[in-house]
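First comes the structure, then the notes that go with it.
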Number of protein chains: 2
Amino acid sequence: MALQHDSWAEAAEACGVSPSAFSQGIAALERSLGVTLFDVAGRRRTPTSAAVAAEALARRAIAAHGALDDWATATRTGAAGLVRAGMIDTAAIHHFGDHLMRYRRDHPRVDLRLSVASSAELVDNVRAGDLDLAVAVATSKDPTLEQVPLIDEPVRVYPPPGTPAERLSDPTTWGPWVSFPRSSRTRRLVGEALSTMGASFDVVAESSQPRVLREMVRLGMGWTALVVADAETEPHALEPLTPEPLIRRRLVCVRRRDRRLGPAVDGLIQLLVAAQPTP
Amino acid sequence: MALQHDSWAEAAEACGVSPSAFSQGIAALERSLGVTLFDVAGRRRTPTSAAVAAEALARRAIAAHGALDDWATATRTGAAGLVRAGMIDTAAIHHFGDHLMRYRRDHPRVDLRLSVASSAELVDNVRAGDLDLAVAVATSKDPTLEQVPLIDEPVRVYPPPGTPAERLSDPTTWGPWVSFPRSSRTRRLVGEALSTMGASFDVVAESSQPRVLREMVRLGMGWTALVVADAETEPHALEPLTPEPLIRRRLVCVRRRDRRLGPAVDGLIQLLVAAQPTP
DNA sequence: ACTGTAGTGAAGTATTGCTTCATCAAAGCT
DNA sequence: AGCTTTGATGAAGCAATACTTCACTACAGT
């Protein structure tokens, strides 16, 4: 601004333009505003009282513009933005809980919203565009979705405590079962694996919460097949039938292929793929 | 903004430009910000989550710019601005008090600052540029100042109550006097008038306040010559020697000729010159 | 009075933003 | 499927804007 410079030419230089351009610019501004900003006394230009008021308003306008610029650079670098992420409970709690905390701490200007739900719901939300990314059990091929593998989790079989040893070795005698609700991807995978082994998979109790399934097994309601992280954690950890997993459940990061995500989302995804699975 | 319009072309029309220009403009904006604002799905353009954040910031910037515009029009019409006015006490109280109140009421966005002082001080301040206008006793010709006449005030002679009748008719027996301080313009004018009449003008008591001079006369300390509005108002109004005025004091509106005043100042001046002198 | 200098106007030029026209791809229709 | 319609975009051209350089005027300081 010209208010704090003594000479017209000095102010022009501060603006980085020639004195002539500065003069023309001020004249054009006065014309467009219809307000005289400077009194002319000899070769001296004295700012009018109107000029100081105009300067305050002009500074606010410039600051508002600069705020947009700042936001743009922050968004460009991934320091700011909106990230709508979804995770299944195991991922949110066991595998990526501290990663999420760390991301939150390192990116305070990112608005990270996490929703925990079942794989099916998460993938549906990603498809609808309500979620930017989801960590879920790998789904069938879908050309509109991109799935990058994150973690392979072993799923083991857990009989109720006190099950006779002869039943343990014969899969046809396994069951009955407690498992996730019918819509669960894991339940479907487990069911398929048991069928190929010749075992029945009659589910006598359901819950979406691994904690609840674990307690049911402890109470003798039935067998279950769970991810190790869900089954063998205290309190009341279960004893696996064998160390060998029944199947391996693959957790992937799902996102829409057509949607260009912001750098903030990319940053979170990179963090997830770089994360070593917590054993 | 394009966020609330369904089609790209519709938004372009709302902006008053061709669809092509709109497309180019958005592309340029995305390029300059370095942030993708719209996802392209088929021929559909879906605003990114970044776009809604950017829109909020952009609206603020536009509003700030509009505020400057509003201020400019307000200033142009005289509805807003800064007015630094000066008046001698008589003008501020008797002649223009209610005019000032009215102006304040009608122009709430005008920052009106009134300073009451002697004519000499006021004119000095106008000369220095610290006052935009002053209502004062007419001064000697000064090419840098413009003086527009406002009011002619009669100045009458007031003897102390109980003065012998034979002294009243003979100016050479008038006096002694109480009057304004030596720097006062009115005092000088009165002194000159009395001299030409052959009367002495020995001042035995001074005050810048007409109220005080009036009381001194009532207490018999001496004669005075005052503007009617100052002398003949209750309480303790004085009795004039004759209805004919000794002199007429001319109040003028003084302003610097070289300084371009804002419309707010012009409005006040017009109000003053249009004001009928309160009798 | 002279001279240096600050501010301004005029002419020319580069950049910007717009329009029109052409092109391309996605929807919609039969 | 094939055709047509339509909406977004790129290219060329044009107008407006903002900047530069250069010349000029008038103030200021010796």
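In what follows, chains carry the letters A, B, and so on, assigned in the order in which the sequence lines appear, proteins first and then strands, with residues in each chain numbered from 1. Bear in mind the structure is a predicted one, so any value in this text is a computation, not a measurement.
- Within 6.0 Å of CZ on B/Arg257 lie more than 12 heavy atoms contributed by other residues, nucleotides or ligands.
- Ionic pairing of A/Arg255 and A/Asp266 is present here: one or more N-O contacts between side-chain nitrogen and carboxylate oxygen are shorter than 4.0 angstrom.
- At the phosphate of C/dT19, OP1 or OP2 sits under 4.0 Å from a side-chain N or O atom of B/Ser18.
- Listed by first then second residue, pairs satisfying salt bridge (charged side-chain N to carboxylate O under 4.0 Å, His left out) with a partner in residues 20-47 of chain B read A/Arg259-B/Asp39, not counting sequence neighbours.
- When rounded to the nearest whole Å, the span between CD of B/Glu13 and P of C/dC18 equals 16 Å.
- From A/Arg105, atom CZ reaches atom CE of A/Met101 across 7.0 Å, with rounding to the nearest 0.5 Å.
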Requested in this report: Take B/Arg187 and B/Glu206 through the side-chain contact (heavy atoms from CB on, under 4.5 Å) test and state the conclusion after the steps.
Outcome: CA-CA 10 Å; B/Arg187 170 169 165 170; B/Glu206 299 178 336; 2.7 Å; yes

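- No side-chain N or O of A/Glu192 forms a donor-acceptor pair with one of A/Thr196 less than 3.5 Å apart.
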Under 3.5 Å between N/O atoms: give me all the protein pairs with nucleotides 4-8 of chain C, atom names plus distance.
from: C/dT5; atom 1: O2; to: A/Arg43; atom 2: NH2; distance (Å): 2.9
from: C/dA6; atom 1: O4'; to: A/Arg43; atom 2: NH1; distance (Å): 3.4
from: C/dG7; atom 1: OP1; to: A/Trp8; atom 2: N; distance (Å): 3.0
from: C/dG7; atom 1: OP2; to: A/Trp8; atom 2: N; distance (Å): 3.3
from: C/dG7; atom 1: OP2; to: A/Ala9; atom 2: N; distance (Å): 2.9
from: C/dG7; atom 1: O3'; to: A/Arg45; atom 2: NE; distance (Å): 3.4
from: C/dG7; atom 1: O3'; to: A/Arg45; atom 2: NH2; distance (Å): 2.7
from: C/dT8; atom 1: OP1; to: A/Arg45; atom 2: NE; distance (Å): 3.1
from: C/dT8; atom 1: OP1; to: A/Arg45; atom 2: NH2; distance (Å): 3.3
from: C/dT8; atom 1: OP2; to: A/Trp8; atom 2: NE1; distance (Å): 2.7
from: C/dT8; atom 1: OP2; to: A/Ser23; atom 2: OG; distance (Å): 2.7
from: C/dT8; atom 1: O5'; to: A/Ser23; atom 2: OG; distance (Å): 3.2

Pairs: protein N or O with nucleotides 15-17 of chain C N or O, under 3.5 Å:
none

Query - A/Arg127 vs A/Thr144, side-chain hydrogen bond (donor to acceptor under 3.5 Å, both in side chains): CA-CA, chis, key distance, verdict - result: CA-CA 8 Å; A/Arg127 234 187 238 109; A/Thr144 72; 4.7 Å; no

Query raised in the report: Between A/Val110 and A/Tyr103, is a side-chain contact (heavy atoms from CB on, under 4.5 Å) present by the stated rule, with each step listed?
Result: CA-CA 9 Å; A/Val110 170; A/Tyr103 183 83; 3.9 Å; yes

